[in-house]
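Below is one structure; the comments refer to it alone.
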Amino acid sequence: MSVITRFAPSPTGFLHIGGARTALFNWLFAQHHGGHMLLRIEDTDRARSTEAAVTAIHEGLEWLGLDWRGEPISQFARAARHGEVARELLAAGKAYHCYCTPQELSEMRETAKAEGRSMRYDGRWRDRDPGEAPAGQAPVIRLKSPQSGTTVVHDLVQGEVKVGNSEMDDMVLLRADGTPTYMLAVVVDDHDMAVSHVIRGDDHLTNAIRQRQIYDLMGWQAPQFAHIPLIHGADGAKLSKRHGALGVEAYRDMGILPAALRNYLLRLGWSHSDDEIFDTAQAVEWFDLDAIGKSPSRFDIPKLENLNSHYLRTMDEVALCALCRDQLVATIGRALSETEQDRLPLAMGALKERAKTLVELADKAMFLLDNRPLEMEEKAAALVQGGDAPGLLAKAHACLGGVTDWNHDGLADAIRGLADAEGLKLGKLAQPLRAALTGRNASPGIFEVLYFLGRRESLDRIGDHME
RNA sequence: GUCCCCAUCGUCUAGUGGCCCAGGACGCCGGCCUCUCACGCCGGAAACAGGGGUUCGACUCCCCUUGGGGACGCCA
């Protein structure tokens, strides 16, 4: 039997981080077992579903590099089939019409709550004569679920989970307007799509028990279930907007690489002994459900950033230059000149190990752009004005003017030579130079900076601060 | 309230009865390197929630407590 998994988000917002991890696990599991993942959009709630959310989900998955087999399936489009199954259950006496009104139901819950009883539907229409049906009142169809015994789910992550049937009420299968509920739709779809493994968030664990009852009553074989623990915010509470854990696109905008997010999400709740870094091929080879932890985990941005800096340093440099360029263009709002673009690959090696995100990378690359006179950060301004700095810069200007080999070694010789001649430690000369050259007090090595900028630009920038 | 799930350093985790006075990673602290910032390297502080069992021996098995999370919709 081949492995078929599915990712089934409801299109009511972006692809959030928990959903992204669920998708990743489904994808990885399918790949590992030589199967494939399906995408199903759970859009039966017409009021809350939007086309924009569907697009956001597609884009999020694509950005993460997760693909699915075939066309995405719209759950709403399958409503007729869901209704058919509900009526089949009804005809077989495994479901019944219930004429309770919403008000009646909420009153029932209120009283139960007040009396400290469980807030379940009491089954008042379960065995009632259909002849007693109130006229003009459309009924819902409820499952006639077993009232004794236990329903068990062998969860691949959580182990054996059992709930006494007396704990559960008769769930609604088909609403009064004839549309299916989520419980029915999920079961029918997973069955029809031949899904072999349902991998989803822990919040569905108790749903699995109820869904199991539908499978049983239909005489269908239930899929394997794997309920993965939820991701919490840094404070341990449920992940919310407040935590900055938004859609995956928010991480993209923060300058996180998809490879880094994938690695981070995978390691969150899953482990392979002490290993921390996995590329996709390695992840596919190693991933399996038995190594998933059972407890919820907290989302930790610093660790994500650490991973991101790793991927920044190891990724293809040409591709990284392109990403950095795009980021720069986005921040300055204009295209780069040819000279500016040419400096990027020169400097990338030095820049990339100083950045944790793409945004930071672009920021550190800002000094490569032509925009004299440079805007000086406060500390840099002090360096360039302090004491004998202007005089020193004039000497440096003269000295560099005579450099014939404008490369790292040639520049190092010249600058070190000047420092020696002046009886200064290199730092005393390098700092004012750095400030004049970059407008900041921190940058890659000073010889490199000179080299990246080239003779003309370097001399001009120093010239701006000479006396 | 009822039901279900979970519980190792601040965080992610290794650990499936003796290899553990608990290992790795992130973060944090100190040092080295050094023209700044990073990188790198070296070192440090930091955890088995509590209580009962079982056992020659429990982080590992069982029970209780506590704490956290989830579910109880004609939402998904």
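All of these numbers come straight from a predicted model, not from anything done at the bench.
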Protein-nucleic acid N or O pairs under 3.5 Å, nucleotides 62-66 of chain B:
none

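For the ring pair (Phe, Tyr, Trp, His ring centres under 6.0 Å) condition, the pairs that include at least one residue of residues 152-190 of chain A, sequence neighbours left out, are A:Y182-A:H204. A side-chain hydrogen bond (donor to acceptor under 3.5 Å, both in side chains) check over residues 409-425 of chain A, counting only residues at least two apart or in different chains, returns the pairs A:K395-A:E422.
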Listing, residues 443-452 of chain A side-chain donor-acceptor contacts under 3.5 Å, not counting sequence neighbours, or none:
{"residue": "A:S443", "atom": "OG", "partner": "A:R434", "partner atom": "NE", "Å": "2.8"}
{"residue": "A:E448", "atom": "OE1", "partner": "A:G445", "partner atom": "N", "Å": "3.2"}

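Every residue two or more places apart in sequence or in another chain that forms a salt bridge (Lys or Arg N to Asp or Glu O under 4.0 Å) with A:E84 is listed here: A:R81. The ring pair (Phe, Tyr, Trp, His ring centres under 6.0 Å) search around A:H465 returns none, not counting sequence neighbours. Scored by the side chain to side chain contact (heavy atoms under 4.5 Å, CB included) test, A:D279 finds A:A281, A:Q282 as partners (sequence neighbours excluded). The salt bridge (Lys or Arg N to Asp or Glu O under 4.0 Å) check on A:K352 picks up A:E317, with sequence neighbours excluded.
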For every nucleotide of nucleotides 40-51 of chain B, 5' to 3': is a protein heavy atom under 4.0 Å from its base (B), only from its sugar-phosphate (S), or from neither (-)?
S-----------
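Only A:E353, A:R354, listed by number, bring a heavy atom of residues 351-361 of chain A to less than 4.0 angstrom from any atom of RNA chain B. In the region residues 137-152 of chain A, proximity to RNA chain B at under 4.0 angstrom, judged on heavy atoms, holds for A:V140, A:R142. Within residues 374-381 of chain A, no residue has a heavy atom under 4.0 Å from RNA chain B.
One interatomic measurement links the two molecules: CE of A:M348 to C1' of B:A38, which rounds to 15 Å at whole-angstrom precision.
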